[in-house]
Amino acid sequence: MPSLDELIEAFVELDEGRVLSLVEKLIVEIPPPDILEACRKATVTIGERFEKGEYFLSELVYAGEIFRRIMDIVLPKLREEVKPIATIVLGTVEGDIHDIGKNIFKAFAEAAGFKVVDLGVDTSPDRFVEAVRRYNPEIVGMSGLLTIAIESMRRVVEALKQAGLRDRVKIIIGGGRVDKYAKRYTGADDWADNAMLGVRKCKRLIGLEG
Amino acid sequence: MLGSRSPEELVKERMERIEKAIDLKEPNRVPLLIFTCGDILRKYATGYELYFNYDKTREASLRFVSEFPVDSLGVVTAAEGFVFSLAFADYPDIAPSIRFWSGPMHDALLDRYTRWPGRELPEDSILQFIGGQFMDVGEYAKLSDNPVAFVNEVILPRSCVNLEKPGSVKANASLIKLGVEASRFLKFLGDLAVDLARAGVPSLPLTFAYTPLDFIGDFLRYPTGALLDVRRYPDRVKQACEALVDPIIKIGLSLKPAGAKYAFIPLHLNEYLSPKLYREFYWPTLRKVIETLYDQGIKSLVFFEGWHDVHLETILDLPKGWGIAYFEKTDVRKAKKILGGHTCIMGGIPPSMLLQETPDKIKEYVRDLLGEAKPGGGFILAPGVADIPKEVPLENLKALIEAVEEYGRY
Ligand code: B12
């Protein structure tokens, strides 16, 4: 029987083939939540390597893909849902169809224990409002890669205010064209242009250790 | 704003200013260039009008330069269409005319790469290039064997609704319509250049090239698909990249007889790759494209999208004076330190600053930036391609132009 440490190591090294064969073997005897916990640890290390400049976006894309394939094996075996640490309603904002970064953030947030409700791309303010009503998330995450997306983000914050929901959620924005100016302009609570930092900030926004 | 000089004199002066900077010299002032895919022009026309009504686009561009006299304005109210150029790489008279994919061209072929205002999108939105996965991993060999034939025979029928059945009446009629549109579009570009020149603003004589791996990502396998292929099937990807070099160079040279001097090359997957992968899968073929064009008298205008910081040194592999390195998020000051005297640097204006700062802050920013980037020449000031949103306050753009006048003089 291989160990979870081997899985963590293979995942961190992005050895896709080995990861999948290890998971297939481990899933027979090890409770699925323990496998997920191992994945969480691996993604933390992958994130550290990214922040140290040892890994790049292509490694994150690959890690996200490997994580997705692990989940395909593990999720059907999960008897009861693991209780998420919080829920994030996430979407790329109106007018913008870039979603590679959003999907990376989603994978890392899920690996960290968040439940992520993904609204997809070109998401109108109304759809964000609707999703907040329906899923009652702690956090709303918006992604945008176009400069004009910043305007769309502002309109989502505005729509949440109008609907009386603004104070019920923390709002974080991300994506390649957001910065401190964008945070100020949109009225979001925080921003991140890197998925790891984004996950840490999400934790901090809900009062957890980042 | 023309002052006492005639438009001809202004065109000459501005063009000289730009060319001197490209030649790594000090012009009389730092040039300011703007490339737009239309968003800023939505101050004067709707998205729909800009993409489907060429007269409106000309009008809007003229209004823009009359309010904001920049040294050159590049107007590309169209989507990425390099895949269509590649399909006709062997026909230099056709290939460049469909490099940029316009709304009416989309109407002709109903391609799945793009979505348009007034068609799939609301009238006052901007166009969307969405791309897609139109090639299977099993097909790399066919791609490598003959990229041009593969794109024609396999990719276009999959990616364009109207070409689904090659040889059908519908497909043939659509290609004729495309031809008509292509010549209308070329005429529009020519007319626009004439209009702008009458207003004293020169247009850069551009031709076009592409990075092979980006071609695979943007038009065949989707960006993430290409990145995963690099991991899973490295040899297939490498071989395909090499096979794409030749047709890309042909397209780059197609406008040389018409006087083109600069090949515009936007980079997409550069930011994603580690230095190791960049040097293995991206740079060798891009370098070959740039160097071959340079040997033939065409300099490249490479738009390094996103962060290019970790790859900056590779630019020194190129011959001195090879062209223009146009940066988006990479700090141009840092780039100038590494590349100064070897490469002309372009960029420096973050769009979010134009959107949200005050005119005074913008002037301060330009003053500080030019303080570092101007000395020694070889520097062009510009926001990124497609960067300026229509919400940018007019005073801020004015401040930018005034600041260049004030702090950009040599
Ligand atoms: C890949 C790409 C595409 C792909 C998109 C594929 C996809 N499904 O995403 C394709 C080819 C389809 C595409 C299309 C277009 N693109 Co594009 N594209 C890019 C490119 C090269 C890379 C973007 C990217 O994926 N970056 C990598 C990801 C991983 O980074 P990221 O999103 O920042 O994500 C990280 C963090 O920000 C964070 N994060 C992301 N989301 C979130 C959310 C939250 C809540 C948090 C906390 C964190 C977080 O986590 C990620 C990992 O660390 C950029 C240039 C560049 N290098 O930025 C241009 C760019 C974004 N595109 C641009 C443009 C203009 C377009 C088009 C309009 C082109 C056209 N004329 O047709 C169309 C878009 C249509 C539309 N309406 O949206 C411009 C935008 C200019 C501007 N300033 O507005 C850019 C900047 C290129 C340029 N000209 O400079 N594009």
Side-chain angles (χ1 to χ4, degrees), chain A residues 13-17 49-50 52-66 68-69 92 94-104 107 120-122 124 144-155 173 175-187 191 193-194, chain B residues 37 39-40 42 47 114-115 117 120-122 124-131 213 217 222-228 230-232 268-278 281-282 305-307 309-311 328-329 350-357 361 383-384 386-392:
Chain A
E13 295 305 324
L14 304 177
D15 188 342
E16 185 180 9
R49 290 196 181 181
F50 177 76
K52 275 193 256 166
E54 294 164 13
Y55 274 0
F56 289 80
L57 288 168
S58 88
E59 281 76 24
L60 296 192
V61 169
Y62 199 28
E65 167 79 2
I66 294 175
R68 191 187 60 75
R69 296 189 70 184
T92 298
E94 193 162 69
D96 198 336
I97 55 89
H98 295 85
D99 65 357
I100 301 174
K102 180 203 75 179
N103 294 344
I104 294 175
V121 299
D122 197 0
S124 67
L145 269 285
L146 301 172
T147 307
I148 60 164
I150 300 171
E151 187 63 31
S152 304
M153 291 172 173
R154 194 186 60 76
R155 286 196 285 112
I173 57 176
R177 299 294 157 297
V178 307
D179 51 22
K180 58 173 195 261
Y181 299 118
K183 172 184 175 278
R184 202 169 68 198
Y185 186 76
T186 56
W191 70 281
D193 64 357
N194 136 5
Chain B
C37 289
D39 201 61
I40 182 73
R42 288 202 295 147
T114 56
R115 290 153 43 99
E120 297 85 356
L121 303 171
D124 197 24
S125 40
I126 64 158
L127 70 89
Q128 296 182 353
F129 180 94
I130 54 167
L213 189 63
Y222 207 63
T224 41
L227 291 170
L228 296 176
V230 161
R231 300 285 175 167
R232 293 171 177 156
H268 291 157
L269 292 178
N270 54 323
E271 177 185 78
Y272 282 91
L273 300 171
S274 64
K276 183 170 172 291
L277 292 179
Y278 184 83
F281 293 90
Y282 199 90
E305 294 183 9
W307 296 109
D309 299 46
V310 293
H311 311 307
E328 195 222 341
K329 285 169 81 177
S352 57
M353 178 189 73
L354 288 181
L355 193 59
Q356 287 143 56
E357 281 297 9
K361 279 269 164 56
D387 259 4
I388 311 182
K390 75 167 190 303
E391 286 80 14
V392 164

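Naming: A, B, ... by sequence-line order, numbering from 1 per chain. Computed from heavy atoms alone, side chains included, the values below leave out hydrogens, waters and symmetry copies.
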Point-to-point distance, once rounded to the nearest 0.5 Å, from [atom1] of [X] to [atom2] of [Y]:
X: B:Ile40; Y: A:Thr147; atom1: CD1; atom2: OG1; result: 11.0 Å
X: A:Tyr181; Y: B:Met353; atom1: OH; atom2: CE; result: 6.5 Å
X: A:Asp99; Y: B:Ile130; atom1: CG; atom2: CD1; result: 10.5 Å
X: B:Tyr222; Y: A:Ile100; atom1: OH; atom2: CD1; result: 5.5 Å
X: A:Tyr185; Y: B:Leu355; atom1: OH; atom2: CG; result: 5.0 Å

Side chain proximity check, [X] to [Y], heavy atoms < 4.5 angstrom:
X: A:Val61; Y: B:Arg231; answer: no
X: A:Ile150; Y: B:Gln356; answer: yes
X: A:Arg154; Y: B:Glu391; answer: no
X: A:Leu146; Y: B:Ile126; answer: yes
X: B:Val230; Y: A:Ser58; answer: no
X: A:Phe56; Y: B:Leu277; answer: no

Answer with side chain, backbone, both or neither: which region of [X] has an atom nearer than 4.5 Å to a non-hydrogen atom of chain A?
X: B:Glu271; result: both
X: B:Leu273; result: both
X: B:Lys276; result: neither

Salt-bridge test for B:Glu328 and A:Arg177: reply yes if a basic N is under 4.0 Å from a carboxylate O, no otherwise.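 A salt bridge links B:Glu328 with A:Arg177.
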Check whether B:Lys390 reaches the backbone of A:Ile148 with its side chain - one donor and one acceptor, N or O, closer than 3.5 Å.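 Judged by distance alone, no pair lies under 3.5 Å.
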For each of B:Pro223, B:Ser125, B:Ser274, tally heavy-atom pairs with chain A at distances under 4.5 Å, and name the one with the top tally.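 Most heavy-atom pairs under 4.5 Å with chain A: B:Ser274.
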Just do the side-chain contact (heavy atoms from CB on, under 4.5 Å) check on B:Ser352 and A:Lys180 with the steps written out, would you? CA-CA 9 Å; B:Ser352 57; A:Lys180 58 173 195 261; over 6 Å; no
If you apply the rule side-chain contact (heavy atoms from CB on, under 4.5 Å), what do you find for B:Tyr272 with A:Leu60, and how did you get there? CA-CA 9 Å; B:Tyr272 282 91; A:Leu60 296 192; over 6 Å; no
Indicate the atoms forming the closest heavy-atom contact of B:Gln128 with A:Gly95, along with that distance.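 For B:Gln128 and A:Gly95, the tightest heavy-atom pair comes out as NE2-O, 3.9 Å.
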Given that the side chain runs from C-beta out, which part of A:Glu94 has a heavy atom under 4.5 Å from chain B: side chain, backbone, both or neither?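 Contact with chain B: none, neither part.
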Measuring heavy-atom distances to chain B, does A:Asp122 have an atom under 4.5 Å in its side chain, in its backbone, in both, or in neither?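 Contact with chain B: side chain only.
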